[in-house]
Amino acid sequence: MQVAIEVCNRAAPEHLEIHTVDAQAVAGQLEHYGGLFIGANCAEVVGDYGAGPNHTLPTGGTARSSAGLSVFTFLRIRTFIRIDQLDQAQGLMRDAAALGRIEGLKGHARAAELRITGAGQEPAAKKHKPGDI
């Protein structure tokens, strides 16, 4: 059974029906599917045409990274970051600066470096020569 579960998780099928003695236990081990139909009484067709989730599901293995069409598809997710205590974010700033340099994004690196300070100090703008980045 474990091999079958691993194959299903790799395949990320559009529709997946579970017909086992303990279908719920198997369902708990599945991670990637468009629509999951648990137990012998639950046919895929009822998911498409009546009971949900719906008939617009991810195909071609895309269920590894996306889900079926739902009201969530139409929601706008917004994120934000706020740093009030710069002294506690110094590790983050050093990491961001290093990653910016590695990626060749010198402006990103400088933005983080300008915020690297001694503990409890406000960031001081560093003096750069023309052409320095």
Side-chain angles (χ1 to χ4, degrees):
M1 183 56 65
Q2 198 58 41
V3 171
I5 291 167
E6 290 170 14
V7 168
C8 288
N9 282 331
R10 273 196 308 272
E14 177 181 5
H15 301 96
L16 180 55
E17 290 188 21
I18 304 173
H19 296 264
T20 62
V21 173
D22 191 355
Q24 190 62 51
V26 173
Q29 299 177 65
L30 294 165
E31 299 173 354
H32 307 296
Y33 48 82
L36 183 60
F37 306 90
I38 304 169
N41 293 331
C42 188
E44 176 266 329
V45 66
V46 297
D48 283 351
Y49 298 133
N54 63 61
H55 195 61
T56 308
L57 298 171
T59 60
T62 58
R64 283 187 295 278
S65 60
S66 64
L69 183 69
S70 75
V71 296
F72 296 110
T73 304
F74 302 99
L75 293 178
R76 179 175 160 222
I77 306 300
R78 296 180 295 174
T79 61
F80 65 91
I81 299 170
R82 178 176 169 169
I83 297 174
D84 292 326
Q85 297 178 356
L86 189 56
D87 60 322
Q88 293 182 15
Q90 293 298 289
L92 174 64
M93 296 304 167
R94 284 189 293 276
D95 291 347
L99 288 169
R101 295 276 175 207
I102 289 168
E103 291 185 343
L105 301 173
K106 295 175 184 176
H108 280 37
R110 283 190 57 206
E113 289 165 352
L114 288 171
R115 288 162 176 82
I116 296 173
T117 65
Q121 297 176 10
E122 289 297 315
K126 294 183 181 179
K127 302 249 187 223
H128 291 277
K129 296 179 268 177
D132 268 357
I133 293 188

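FYI, side chains are in, hydrogens and waters are out, and symmetry mates aren't considered; it's all heavy atoms of this structure.
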A.B. asks: Measure across Glu44 and Glu17 and return the closest heavy-atom pair with its distance rounded to 0.1 Å.
C.D. replies: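 Smallest interatomic distance, heavy atoms only, reads N-OE2, 3.0 Å.
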
A.B. asks: How many angstroms lie between OG1 in Thr59 and NE2 in His15, if you round to the nearest 0.5 Å?
C.D. replies: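 It is 10.0 Å, given to the nearest 0.5 Å.
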
A.B. asks: Out of curiosity, Ile81 CD1 to Thr79 OG1, how far, rounded to the nearest 0.5 Å?
C.D. replies: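 Answer rounded to 0.5 Å: 6.5 Å.
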
A.B. asks: For the residue pair Leu16 and Cys8, what are the closest heavy atoms and their distance?
C.D. replies: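 Closest pair (atom of Leu16, atom of Cys8, distance): CD1-SG, 3.8 Å.
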
A.B. asks: Looking only at heavy atoms, which two atoms of Ala63 and Tyr33 are closest? And how far apart?
C.D. replies: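 Looking at all heavy atoms of both residues, the closest pair is CB-C, 3.5 Å.
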
A.B. asks: Using a 6.0 Å cut-off, check whether atom NE2 of His108 has over 12 heavy atoms from anything other than its own residue.
C.D. replies: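 Open.
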
A.B. asks: Can you tell me how far the CD atom of Gln90 sits from the CD atom of Gln85, to the nearest 0.5 Å?
C.D. replies: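 Those atoms lie 12.0 Å apart.
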
A.B. asks: Do Val71 and Leu75 belong to the same hydrophobic cluster, where Ile, Leu, Val, Met, Phe, Trp and Tyr are linked whenever their side-chain heavy atoms lie under 4.5 Å apart, directly or via other members?
C.D. replies: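 Yes.
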
A.B. asks: What's the separation between atom CG in Asp22 and atom OG1 in Thr20, rounded to the nearest 0.5 Å?
C.D. replies: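 One gets 6.5 Å once the value is rounded to the nearest 0.5 Å.
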
A.B. asks: Side-chain contact, heavy-atom cut-off 4.5 Å: Ile83 with Leu92?
C.D. replies: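 Ile83 vs Leu92: side chains touch.
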
A.B. asks: Can you tell me how far apart NE2 (His19) and CG (Asn41) are? Round to the nearest 0.5 Å.
C.D. replies: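 Between atom NE2 of His19 and atom CG of Asn41 there are 9.5 Å.
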
A.B. asks: Rounded to the nearest 0.5 Å, how far does CD of Gln24 lie from CD of Gln29?
C.D. replies: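 Going from CD on Gln29 over to CD on Gln24, the span is 11.0 Å.
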
A.B. asks: Please give me the minimum heavy-atom distance between Ala27 and Ile38, naming the atom from each residue.
C.D. replies: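 Closest approach of Ala27 to Ile38, heavy atoms only: CB-CD1, 3.7 Å.
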
A.B. asks: Do you reckon Phe72 sits in the same ILVMFWY cluster as Leu69, going by side-chain contacts under 4.5 Å, direct or chained?
C.D. replies: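 No, Phe72 and Leu69 fall in different hydrophobic clusters.
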
A.B. asks: Kindly indicate whether the side chain of Glu113, heavy atoms from C-beta on, has any atom under 4.5 Å from the side chain of Met93.
C.D. replies: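 Sidechains of Met93 and Glu113: no contact.
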
A.B. asks: Does Arg94 reach the side chain of Arg115, with side-chain heavy atoms less than 4.5 Å apart?
C.D. replies: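 They are not in side-chain contact.
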
A.B. asks: Taking all non-hydrogen atoms of both residues, which atom of Glu31 and which atom of Asn9 are closest, and how far apart?
C.D. replies: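 Glu31 and Asn9 have their closest heavy atoms at N-OD1, 2.6 Å.
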
A.B. asks: For a quick test of reading the model, state the closest non-hydrogen atom pair linking Gly68 to Thr73 and the distance between them.
C.D. replies: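 What the structure gives for the nearest pair is O-OG1, 4.0 Å.
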
